Amino acid sequence: MTTTVLRTADAWYVRIGSGAVKIDTAATTTAELLRDRAAIDAATDRAAAVSVDRLDLVSPVTTPCRVVAQMTNYASHVRDSGMDPATVPLTFFRKASGSINGPTDDIVKPAHVRFLDYEVEIGVVIGRALPVGTTLNESDLPDYVAGLVVTNDVSARDIQLPKTQFYEAKSYPTFTPVGPALVLMDADELKRFSDLRLQLRVNGELRQDAVVGGDMIYPPLRALQELIRFQRLDAGDLVLTGTPAGTALSAPPKPIEMIGALLPPALKWKAFFKSQSKNVKYLKAGDVVEASVGTDDAAIDLGTQRAVVRYA
């Protein structure tokens, strides 16, 4: 059975039904809490003392930490981007951990950003150090993956595309909502990763809805194996595993794309974003963004985050 960990500004809790039990720990970071598993286990044996609804939850992943994300990792999203899933390599980008936001905090669009997009993703939280060169097999995964979180990889598309890099476009403050919970999982529960369904709604309208199995291209084991060839990971680090189709951004029709490729870059992007200005799916001030992840039978439930978009 999964263990659901919640965090407020001054304490950690274990969720028991609709209530929560405070964890008796001195941990102030996610890494420290994961090393104090005895305190987490002790809290699960006590009766819930406070309603979860009374808790002002913050991200269960503390900062600073490494935030690494997989690119175009769902076949549906790859096709929606105008590419062939069979030809997409396993690639990564980094996000600043200063972009991590609480599960109910506002998403703030910087004044110079025009096209604000969303991407619901499953976040893998590392449970112990993975030095470069570590040998990692499927049987090892539960030793190194502590649990999972709901994340939203918010993106400034008009920054991302012309600059052909992701770091700035995805690293503004509030651009990585995390939570509401860190769900700790054992080996059997991790085997159900492919059963997880990702959903994202904007103002109640379902925009993204996909099950991992049959859509995700490179699962967490393969991603971690590739990462630790060159990138050390430590307890409390966060790895985002990609998003399915349904984002505001999608590839233009092939004839338009071919014409655009013949234009000078400045003119091409001017024309592209002029066409995108008619796309009503980009996030606007006051929009309510809800992202959730869980199995259809509710055996694994990472919870739902709810954020309001605000303009700086």
Side-chain angles (χ1 to χ4, degrees), residues 67-95 99 107 115-124 148-167 169-171 175-178 193-202 205-224 226-227 238-254 256-257 260 272-273 275-276 279-283 287 289-296 302 305:
V67 182
V68 184
Q70 292 177 252
M71 293 174 59
T72 50
N73 193 35
Y74 281 75
S76 61
H77 189 214
V78 172
R79 287 189 290 267
D80 201 37
S81 301
M83 298 180 289
D84 180 359
T87 66
V88 171
L90 174 53
T91 51
F92 305 94
F93 61 92
R94 288 287 295 269
K95 298 188 70 165
S99 67
I107 296 170
F115 298 102
L116 192 68
D117 208 346
Y118 49 83
E119 297 185 8
V120 61
E121 306 202 14
I122 300 170
V124 172
L148 306 176
V149 291
V150 181
T151 63
N152 185 358
D153 179 23
V154 179
S155 306
R157 299 300 192 192
D158 49 324
I159 306 298
Q160 173 191 340
L161 297 177
K163 291 190 174 185
T164 65
Q165 60 86 19
F166 288 24
Y167 187 69
K170 293 168 175 281
S171 288
F175 272 30
T176 313
V178 177
F193 186 89
S194 62
D195 297 333
L196 291 170
R197 180 181 295 277
L198 301 85
Q199 292 187 319
L200 183 138
R201 290 175 168 82
V202 178
E205 177 192 358
L206 186 62
R207 298 278 184 88
Q208 293 182 276
D209 183 14
V211 175
V212 169
D215 201 355
M216 180 175 279
I217 301 171
Y218 298 104
L221 174 63
R222 181 69 186 90
L224 293 177
E226 186 73 13
L227 264 177
L238 179 62
V239 178
L240 278 58
T241 56
T243 197
T247 60
L249 178 68
S250 60
K254 278 296 180 183
I256 301 298
E257 187 176 353
F272 176 76
F273 286 120
S275 69
Q276 289 296 295
N279 184 343
V280 298
K281 288 190 174 183
Y282 286 108
L283 297 174
D287 281 351
V289 183
E290 296 174 294
S292 61
V293 177
T295 56
D296 288 343
L302 306 189
Q305 55 178 237

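Not measured: the values here are computed from a predicted model. Count residues from 1 along the sequence.
- We find the CG-CG distance between Asn73 and Leu90 to be 7.0 Å, quoted to the nearest 0.5 Å.
- Under the 3.5 Å distance criterion, the side-chain polar atoms of Ser99 are left unmatched by any main-chain donor or acceptor of Phe175.
- Here the CD-CD distance, from Gln70 to Glu226, works out to 10.0 Å after rounding to the nearest 0.5 Å.
- The only member of Arg157, Lys95, Arg207 that meets salt bridge (charged side-chain N to carboxylate O under 4.0 Å, His left out) when paired with Glu119 is Arg157.
- A side-chain donor from one of Lys170 and Ser155 sits under 3.5 Å from a side-chain acceptor of the other.
- Looking at Val150 and Val178, their side chains never come closer than 4.5 Å, going by heavy atoms from C-beta outward.
- Tyr74 is not listed as a side-chain neighbour of Ile217, based on a closest heavy-atom distance of 4.5 Å or more.
- Within the 3.5 Å criterion, the main-chain N or O of Leu249 finds a donor-acceptor partner in the side chain of Thr247.
- The CD1 atom of Ile159 sits 15.0 Å away from the OH atom of Tyr167 when rounded to the nearest 0.5 Å.
- Pairing each heavy atom of Ala245 with each of Gln208, the nearest pair is O-CG, 3.4 Å.
- For the atom pair Arg79 CZ and Ser250 OG, the distance stands at 14.0 Å (nearest 0.5 Å).
- Taking the ring-ring contact (aromatic ring centres under 6.0 Å, His included) definition, one finds that Phe93 meets it with Phe166, sequence neighbours left out.
- You'll find the side chain of Phe193 stays beyond 4.5 Å of the side chain of Pro219, heavy atoms only.
- With a 4.5 Å cut-off on side-chain heavy atoms, Leu283 and Val289 count as touching.
- At least one donor-acceptor pair closer than 3.5 Å links the side chain of Tyr118 to the backbone N or O of Gly246.
- The closest side-chain donor-acceptor pair between Asp195 and Thr295, if any, does not fall under 3.5 angstrom.
- Considering CZ of Arg197 and CD1 of Ile122, their distance stands at 11.5 Å, rounded to 0.5 Å.
- Val239 is not listed as a side-chain neighbour of Pro220, based on a closest heavy-atom distance of 4.5 Å or more.
- Proximity of Leu161 to Phe273: side-chain heavy atoms (C-beta onward) are separated by under 4.5 Å at one or more points.
- Inter-residue side-chain proximity for Leu148 and Leu196 is flagged as met; some heavy-atom pair is nearer than 4.5 Å.
- Note that OG1 of Thr241 is 7.0 Å distant from CG of Leu198, once rounded to the nearest 0.5 Å.
- Between Asp215 and Pro244, the closest heavy-atom pair is OD2-CB, 4.0 Å.
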Begin with the C-alpha distance, continue with both residues' side-chain angles, and end with the deciding distance and a verdict on side-chain contact (heavy atoms from CB on, under 4.5 Å) for Val149 and Leu238. CA-CA 9 Å; Val149 291; Leu238 179 62; 3.8 Å; yes
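- The closest side-chain heavy-atom distance from Asn152 to Ile107 is below 4.5 Å.
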